[in-house]
Amino acid sequence: MSLLRVENLHLQAAAKTLVNHISFSVATGETLAIVGESGSGKTLSALSVLDLLPAGVQRISGNITLDGTNIATASRAQIQQIRGGTAGIIFQEPLSSLNPLQRVGKQVAEALSLHGKYAKLSLRDKVKSLLAEVGLPDAERIANSYPHLLSGGQRQRIMIAIALANDPKLLIADEPTTALDVTLEKQILDLIADAQKARGLGVLLITHNLSLVRRYADRVLVMDRGNVIETATTNEIFASPRQPQTKCLLAARNIAAPPPVADAPVILEAQNLLVKFPILRGALRRKMGEVAAVDDVSFTLHEGETLGLVGESGSGKSTIGLLLLRLINFQGNVLFNGTNLATLPTRQLRALRAKIQIVFQDPYGSLAPRLTIADIIAEGLAIHEKHLGAAERRARVRTTLTDVGLPADAMDRYPHEFSGGQRQRIAIARALILNPQILVLDEPTSALDVTVQAEILALLRALQTRHKIAYLFISHDLSVIRALAHKVMVLKTGKIIELAPATEIFTNPQAAYTKTLLAASGLV
């Protein structure tokens, strides 16, 4: 008998079909993965189970039966009992899901007290027990911390503790590892798998990461534009997919590595880079010491070459990207075409930054919401090429939009009118319009589904070939690094663990830590 059964679910918003008469089930102890491109209806289908549909989205038809209760006809009191009781949910972004003004221990306790299972005196012990179960041994300190004081992995563990607090029978995990590095990703999914085994949970996993699906799911349901196009066991889906859309999803994860760069000149040389951050403690935030975020790092970057930076959170990847633009203080030398950025006066540095641009992880957060796309992309021209008139700037914007695969009529629209992949193209266009020699790409594909990832990677490779741009590509996704990088630098706690051509890193890694990363990513 199924723990969860969804039959003929149909969702609409403003007469537009979002989910089209789909059916699926989850048995006790089973993991069903729902996969598909952005906008395929994955998350809406999962939210329907707890009657958590966004405003404006209506359930037109369909029956949802969870542990014998029909969600469509359940009372408000029954729904409240089901949420967090019969079913727990882990949301995609824990920092936005947790209350920033409450200590996390109180938030776990709240989940318990809402269902009235524990007396006030025993709540504290149960909270500690839950925190220990999800791999947070220093329970007292963690419980008394606010969300912003915890790492991404710790916050996600808190979300899992809240979801498991009332011994649910079903666990809904909506992109539970987005933006986590590969080792944390494996830890979180292993934690969910262990909880499933210990408690007999049914798990509904929504993800765009097919490596996770292959490793953790029993069955897979593939969605496309609101429709279920294929459902089968995980082995069957990966061994013999039937539908073209499924084949496209699987092909998107196997992009061939780029050919090596031959005889290209060195355009950037980093020598003995060192970045230290102070350790502040106490109410007065006194400096108690220092920690090296980047510790004696040296590397070179050739014209038209991609250097991939990989490592766990806190390894120093993004810090290296920021110091190349001298956005943080550092020791050492950074020679760009023979000019030492470390000692360059501010005025000359500002002019030279046109040649070293950056693309951030979250394009929506980095694009001004009240500016048109034309204004956003042309902003760099207004700073670095002041001689251009308004018509010339618009012409450059139009050309650059075409270069990144966007229509010219996008110029007068706003960021919220575009998809995640389109917004990332806009962010690339903003950097590209100044004809840079180096692009720092900081996790530019982490929140994108696999097919959009493949499109952005294909775009970056085409731009690199056309313009001979060098990339410093920062990512926790080793399959993305493999698809784009010529060389790979593996970092841990600010130090270089291994630096070698990408083919050597992926076929014959030397360091034990590199082997651990590859194993966690499912690439070996």
Side-chain angles (χ1 to χ4, degrees), residues 2-27 30-66 69-74 79 82 87 89 91-92 170 172-175 202-210 213 217-234 236-238 240-252 416-422 447-455:
S2 298
L3 171 65
L4 170 69
R5 180 170 294 279
V6 177
E7 299 172 302
N8 198 37
L9 179 65
H10 189 81
L11 305 178
Q12 286 186 352
K16 179 182 179 182
T17 295
L18 303 177
V19 172
N20 188 23
H21 300 288
I22 73 167
S23 299
F24 61 89
S25 63
V26 180
E30 178 188 44
T31 297
L32 172 68
I34 302 182
V35 302
E37 297 181 358
S38 296
S40 61
K42 307 187 298 293
T43 296
L44 286 177
S45 300
L47 292 177
S48 298
V49 173
L50 298 180
D51 197 24
L52 288 174
L53 291 173
V57 178
Q58 293 180 305
R59 184 175 62 232
I60 304 302
S61 67
N63 287 318
I64 301 172
T65 306
L66 176 58
T69 300
N70 189 337
I71 303 297
T73 59
I79 293 293
I82 286 169
I89 186 166
F91 293 102
Q92 180 172 355
L170 175 72
I172 300 171
D174 186 7
E175 299 281 8
V203 176
L204 186 61
L205 174 65
I206 295 96
T207 183
H208 65 262
N209 189 327
L210 295 180
V213 171
D218 299 302
R219 290 190 298 116
V220 182
L221 183 143
V222 184
M223 294 189 68
D224 181 59
R225 289 175 287 187
N227 297 287
V228 173
I229 59 169
E230 189 164 358
T231 182
T233 66
T234 302
E236 289 172 339
I237 287 288
F238 281 86
S240 54
R242 297 190 302 274
Q243 298 300 321
Q245 296 95 325
T246 309
K247 294 175 182 177
C248 183
L249 282 174
L250 295 175
H416 72 273
E417 299 179 66
F418 296 87
S419 69
Q422 289 172 322
L448 305 178
D449 64 55
V450 286
T451 51
V452 179
Q453 271 187 4
E455 291 172 3

Can you tell if the side chain of [X] reaches within under 4.5 Å of the side chain of [Y], non-hydrogen atoms only?
X	Y	result
Val49	Leu170	yes
His10	Asn20	yes
Val26	Val6	no

Test item: [X] side-chain N/O and [Y] main-chain N/O as donor-acceptor pair under 3.5 Å:
X	Y	answer
Thr234	Asp218	yes
Glu175	His208	yes
Asn70	Ala72	yes

Exercise. Give every residue pair that meets the side chain to side chain donor-acceptor pair (under 3.5 Å) criterion with at least one member in residues 41-56, sequence neighbours excluded.
Key: Thr43-Asp174, Asp51-Arg76
Quiz prompt | Exceeds 12 heavy-atom contacts within 6.0 angstrom, atom CD of Gln58 | solution = no
Quiz item: Under the salt bridge (charged side-chain N to carboxylate O under 4.0 Å, His left out) rule, what pairs show up with a residue in residues 55-64, not counting sequence neighbours?
Solution: none
Practice problem: Please list, chain by chain and in numerical order, all residues satisfying salt bridge (Lys or Arg N to Asp or Glu O under 4.0 Å) with Glu30, sequence neighbours excluded. | Solution: Arg219
Exercise. Under the side-chain hydrogen bond (donor to acceptor under 3.5 Å, both in side chains) rule, collect the residues that match up with Thr246, sequence neighbours excluded.
Key: Glu230
Quiz item: Considering residues at least two apart in sequence or located in another chain, which fulfil the side-chain hydrogen bond (donor to acceptor under 3.5 Å, both in side chains) criterion with Asn8?
Solution: His21
Quiz item: Leu66 and Ala87: which non-hydrogen atoms are nearest, and at how many Å?
Solution: CD2-CB, 3.8 Å
Self-check item: Passing option when Phe24 is tested against Thr231, Val228, Leu221 for side chain to side chain contact (heavy atoms under 4.5 Å, CB included)
Solution: Leu221
Self-check item: Qualifying residues under side-chain contact (heavy atoms from CB on, under 4.5 Å), relative to Glu236, sequence neighbours excluded
Solution: Ala232, Thr233
